[in-house]
Amino acid sequence: MKTTKLKLSLLATLCLSAITFYSCSSDDSPAAEELVDSISYTYSDVTKVLDFRPAPGQFVNELPKYEEGDTQEIMNQKALKAISGNKLSMVSLGGFGGYIVMGFDQTIKNIDGRRDFIVLGNAFKNSSEPGIIMVAHDKNKNGKPDEDEWYEIKGSEYSNAKTIHNYEMTFYKPSADLDAKEEGFDEYVKYKNNQGKEGYKPKNIYHKQSYYPLWIKETSLTFKGAKLPNNATDTSGKGANWILPEYEYGYADNQVNSHIDAAIDINWAVDKNGKSVQLPGVDFIKVYTAMDQEAGWLGETSTEVSGVIDLHKAKFKVPTR
Ligand SMILES: [Ca+2]
Ligand SMILES: [Ca+2]
Ligand SMILES: [Ca+2]
């Protein structure tokens, strides 16, 4: 999340809560552009958080709040509380690769010709921090997403020449001394990627807590996935006015929640080779930050998730593209 945007996005959430739910009858198909004006964005169908593992970032240990002694299990529960039910808050996934794995009481069905779900984020105009969406159908019915059950939702930048598939980032835990420093400085979280680059991520002046997830005992964290092209531009040329425009479709925290292209068709799922797969539905959704980008004083670009809406359960017929 960009650093100053939190209050604004909470405000946006409050404004959206005023929108009437079910303003059209359940059997009517809303026109594409209406999708979403008639959905309430203040509830979520998420009922489980199986894993919450953010990469280091300026909102880590804050969204949700880490308290001394919290275990992974407790942090999963805190994340669930933030993104389930009808009083939504949000979790921040931090830098590249940081992720959350969510589950549901019932399978989100894949209906042909229609989009099936929305991952809610806090994007607004020129504040898009896209995360890649992975989906799993519990084919072997063991109640867990197995490694071979995951597929990637192929978003609009999948074939962009600047997208790096098989990107890998390792972050190293900073010393307690660095964590304790309250002023901003550049050489904070050491990282190394698989593109031959290493260096440090900065600490900024706005967020003084540790940026490394403190409930994780390992002293380094490695994340793998696809990295989308950078989207941040400083329009002032002086570092003052950063904009992060959206990509077209197929991501989390990218299009505004109320935009039709925030909605996902499970038919967009592809396997590791980019081959389309047909899933009857999905039981688990994983979202990870797909950007590795610092936008000046706004800090690192990190995906936020505030819930998932099953469009069929909500009785919305949203055409695919
Ligand atoms: Ca965001
Ligand atoms: Ca579908
Ligand atoms: Ca399974």
Side-chain angles (χ1 to χ4, degrees), residues 1-2 5 9 12-13 16 35-36 39 41 43-46 49-55 57 59 63 79-80 82-84 88-104 108 115-136 145 150-158 163 167 223 225-229 231 244-266 268-270 282 284-293 300-311 318 321:
M1 183 190 315
K2 304 190 312 180
K5 303 302 188 187
S9 60
T13 307
L16 284 168
L35 160 66
V36 239
I39 293 182
Y41 298 99
Y43 81 99
S44 163
D45 289 309
V46 174
V49 168
L50 290 88
D51 200 6
F52 171 61
R53 181 165 282 229
F59 288 94
L63 286 175
L80 176 63
I83 63 167
S84 60
L88 297 183
S89 169
M90 66 182 90
V91 300
S92 180
L93 303 181
F96 176 82
Y99 64 84
I100 188 164
V101 179
M102 302 168 281
F104 312 94
I108 300 176
R115 306 189 202 211
D116 308 292
F117 65 86
I118 302 176
V119 175
L120 301 175
N122 69 340
F124 54 94
K125 185 71 182 164
N126 286 325
S127 182
S128 295
E129 303 179 291
I132 286 180
I133 299 169
M134 308 283 296
V135 293
W150 283 116
Y151 297 96
E152 179 175 343
I153 294 294
K154 181 179 180 176
S156 57
E157 307 314 302
Y158 188 89
T163 294
Y167 193 70
F223 296 96
K227 185 186 97 62
L228 297 176
N231 70 339
L244 288 76
E246 74 282 3
Y247 288 124
E248 198 177 357
Y249 68 92
Y251 302 104
D253 200 17
N254 173 53
Q255 292 283 6
V256 177
N257 292 336
S258 60
H259 192 286
I260 186 168
D261 281 324
I264 304 294
D265 183 351
I266 295 168
W268 299 342
V270 295
V282 303
F284 306 100
I285 294 176
K286 173 180 175 177
V287 178
Y288 66 88
T289 298
M291 308 296 286
D292 181 12
Q293 168 179 273
E300 96 282 334
T301 302
S302 57
T303 303
E304 278 77 40
V305 172
S306 63
V308 171
I309 292 178
D310 176 340
L311 288 169
V318 185
R321 43 181 300 132

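Positions are given from 1, in the same order as the sequence printed here.
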Which heavy atom of [X] sits nearest a heavy atom of [Y], and at what distance?
X    : Y    : answer
S84  : L80  : OG-O, 2.6 Å
A226 : E152 : CB-OE2, 4.4 Å
I285 : V119 : CG2-CG2, 4.3 Å
G103 : F284 : CA-CD2, 4.0 Å
I133 : G250 : CD1-O, 4.3 Å
P54  : F223 : O-CZ, 3.8 Å

For Y167 and F96, run ring-ring contact (aromatic ring centres under 6.0 Å, His included): C-alpha distance rounded to whole Å, both residues' side-chain angles, the deciding distance at 0.1 Å, then the answer. CA-CA 9 Å; Y167 193 70; F96 176 82; 4.8 Å; yes
[atom1]/[X] to [atom2]/[Y] distance, rounded to the nearest 0.5 angstrom?
X    : Y    : atom1 : atom2 : result
D265 : F117 : CG    : CZ    : 9.0 Å
L244 : N126 : CG    : CG    : 8.0 Å
L228 : D292 : CG    : CG    : 11.0 Å
D116 : I153 : CG    : CD1   : 8.5 Å
Y99  : R53  : OH    : CZ    : 5.0 Å
E304 : S89  : CD    : OG    : 10.5 Å

Do [X] and [Y] make a side-chain contact, defined as non-hydrogen atoms from C-beta onward lying under 4.5 Å apart?
X    : Y    : answer
I100 : I83  : yes
I260 : R321 : no
V287 : D253 : no
V46  : F104 : yes
S128 : Y247 : no
P130 : N231 : yes
I132 : Y251 : yes
M102 : D45  : no

Just by distance, do the side chain of S44 and the backbone of G307 share a donor-acceptor pair under 3.5 Å?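 Judged by distance alone, no pair lies under 3.5 Å.
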Strictly distance-based, threshold 3.5 Å: is any side-chain N or O of T289 a donor or acceptor partner for the main-chain N or O of G131?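 No; zero donor-acceptor contacts below 3.5 Å.
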Under a plain distance cut-off of 3.5 Å, with no hydrogens placed, do E129 and T303 share a side-chain donor-acceptor pair?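 Not at all, the side chains of T303 and E129 share no donor-acceptor pair under 3.5 Å.
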Kindly determine whether Q293 and T301 satisfy side chain to side chain donor-acceptor pair (under 3.5 Å), including the steps that lead there. CA-CA 6 Å; Q293 168 179 273; T301 302; 2.8 Å; yes
Check the pair I264 / Y249 against side-chain contact (heavy atoms from CB on, under 4.5 Å), numbers first and verdict last. CA-CA 8 Å; I264 304 294; Y249 68 92; over 6 Å; no
Run the side-chain contact (heavy atoms from CB on, under 4.5 Å) check on D261 and R115 step by step: do they pass? CA-CA 10 Å; D261 281 324; R115 306 189 202 211; 2.9 Å; yes
